Protein chains: 2
Amino acid sequence: MRLLWEKWVHVFMDLGDSRSRPVQLQGQGQEDGVKPRKATRIQIRNQERILDGALSVFAKTGFRGATVDELAKAAGMTKPNLLYYFKSKKTLYVAVLEFVLERWLEPLEQLDPDGDPAEQILNYMRAKLSMSKERPEDSRLFANEILNGAPLLGAVLQGHLKELVEQKAIVIRHWCDTGQLNRVDPYHLIFFLWATTQHYADFEVQVTALLGQDARDKTYDDAADTLETILMQGLLPRK
Amino acid sequence: MRLLWEKWVHVFMDLGDSRSRPVQLQGQGQEDGVKPRKATRIQIRNQERILDGALSVFAKTGFRGATVDELAKAAGMTKPNLLYYFKSKKTLYVAVLEFVLERWLEPLEQLDPDGDPAEQILNYMRAKLSMSKERPEDSRLFANEILNGAPLLGAVLQGHLKELVEQKAIVIRHWCDTGQLNRVDPYHLIFFLWATTQHYADFEVQVTALLGQDARDKTYDDAADTLETILMQGLLPRK
DNA sequence: GTCTTGTTTGACCATTTGGTCAGAAATTCC
DNA sequence: GGAATTTCTGACCAAATGGTCAAACAAGAC
């Protein structure tokens, strides 16, 4: 799975003063006089490989569970070489988190205040479910981080995410107030959508243990149908 | 939080042959000729302390993230002393998992085929939500384990849990077939209930980051209300 | 080609970690 | 009280882990 790390390649490398260490890549952090040099092709290629491998390693075992050796192997290089590109395990971890975060938040940003409420919410549910299916590692990466107290994501939760959710909560509340939706707490509706969709990525082993390995497509289709039914009609038949 | 480990205290300690190592506690494993000695008060007290502390440590950082030193500190004793009672970190971890598992499965077992469907499902939802509130560490312990591939719980998922879920799925399917519930996939309804309720324990940092630390009671009340509304009526108003 | 810069590696190091062990201290049994 | 057993601890160990470094090697610029 080739990713699009390219546009995200910045400040990952140690810069400091060192003579042999390259580079400050384009993007940020040019406060001091060091003139940023352009990233070489090799740098871009290797950082991509590293980030790519690191996502699956970190998603599998969390930050503490991952070893630098594993990370290097996943990137197909030696440990010192990996540490040439990312000065520490933590730096790498943060870089991966940062990258994945954007994708993670995107669907919620798409929620359109002017659209039809039911349609908007179903779309959001489907988009999140599709992310669980196509990029389960993203979801597991965050699940690990949050489950263990979000030591490095805490700031984001309090900042960007909080704003975004507040904003969308207002939209949902409006839909309730105008009678377009039943009266529910907007925040809990959002949690509800997160929980039900991410469950399929985060608890995939459990899901497949109960439903069988082979029926992955069917699993996600059935999940979408069930969620749609519940969201639109609830469990009780309308007489 | 004092727990009821007592009835679970069994075979935790190394037994083998050793002269100074005690004990095979009551419960199981008496296959060989070694006559089981009764657990002393000290053993019971200390094993309780250890298991008690271990639950919160493992829930916080997962198996790999927890160190034996932390575990010992949480139990208020030295590392070698802890290892006197549980011969390895893994043994201790499995013991904690085993214990917590029972509580975890209990609510689903209560689901009554002869009860009113809506009431049964709401009760189950409330019971699980209450568990998330009162025993979040239980939930996080499993979340960590499953998220990381359930290396030690895999057998349970394929065995006991699978049976239990199959059994309850039949009940739910029957409710659907007789028109008492809208037609939904029973498995996904169960996942839905797990996901939405456990979310509040597993992602507590996120939830409190967005809703505020102080309103814990309110959070769970609102969650229950929202879930009830959605489950019973869905989001769309009935005209 | 050669000089400069960027990349890669084997060997190495300090710390942390899971776990052991011999014996000291406490407890129980008679 | 004294012997036998159980509980506890400081000192220790081997393996794993995050990270460093000097030097070898490759790429570009001219």
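In the text below, chain A, chain B and the rest are named by the order of the sequence lines, each starting its count at 1. What you are looking at is a predicted structure, and each value in this text was computed from that prediction instead of being measured.
Put simply, NZ on A:Lys79 is 14 Å from P on C:dC12, counting in whole angstrom units. Nucleotide C:dT7 holds its P atom 13 Å from the CZ atom of A:Arg49, rounded to whole Å. One interatomic measurement links the two molecules: CZ of A:Arg64 to C1' of C:dT17, which rounds to 11 Å at whole-angstrom precision. As rounded to whole Å, 10 Å separates atom P of D:dG19 from atom CG of A:Leu92. When the C1' atom of D:dA16 is taken as reference, atom CG of A:Asp69 falls 9 Å away, rounded to whole Å. Rounded to a whole Å, the NZ atom of B:Lys87 is 14 Å from the C1' atom of C:dT20. The interatomic distance linking A:Leu82 (CG) with D:dT17 (C1') rounds to 14 Å, in whole Å. Protein atom CG of A:Leu83 is 15 Å distant from nucleotide atom C1' of C:dA11, rounded to whole Å.
An OP1 or OP2 oxygen of C:dT9 is reached within less than 4.0 angstrom by a side-chain nitrogen or oxygen of A:Asn81. For D:dT6, neither phosphate oxygen OP1 nor OP2 lies less than 4.0 angstrom from any side-chain nitrogen or oxygen of B:Asn46. Under 4.0 angstrom from either OP1 or OP2 of C:dG6 there lies no side-chain N or O belonging to A:Tyr85. Dashed line: the shortest gap from a side-chain N or O of B:Gln43 to OP1 or OP2 of D:dT6 is not under 4.0 Å. An OP1 or OP2 oxygen of D:dT7 is reached within less than 4.0 angstrom by a side-chain nitrogen or oxygen of B:Tyr84. In this structure, A:Thr78 reaches the C:dT9 phosphate: one of its side-chain N or O atoms is under 4.0 Å from OP1 or OP2.
Of the two residues near DNA chain C, B:Phe63 and A:Arg41, the one whose nearest nucleotide lies more 5' is A:Arg41. A residue-by-residue look at B:Lys90 and B:Ile42 shows that B:Lys90 has its nearest nucleotide of DNA chain C further toward the 5' end.
A salt bridge links A:Arg216 with A:Glu204: the closest approach of a Lys/Arg side-chain nitrogen to an acidic carboxylate oxygen falls below 4.0 angstrom. In summary, B:Lys60 and B:Glu137 do not engage in a salt bridge, as defined by a charged side-chain N under 4.0 Å from a carboxylate O.
Not a single donor-acceptor pair, N or O on each side, falls under 3.5 Å between the base of C:dG19 and the side chain of B:Lys89.
Using cut-offs of 30° and 60° for the angle between ring planes, the A:Phe63 and A:Tyr93 rings count as tilted. Using cut-offs of 30° and 60° on the angle between ring planes, the pair A:Tyr200 and B:Phe191 is perpendicular.
One side chain, A:Asp202 or A:Ser139, offers a donor N or O that lies under 3.5 Å from an acceptor on the other.
Counting non-hydrogen atoms under 4.0 angstrom, B:Ala66 reaches the backbone sugars and phosphates but no base.
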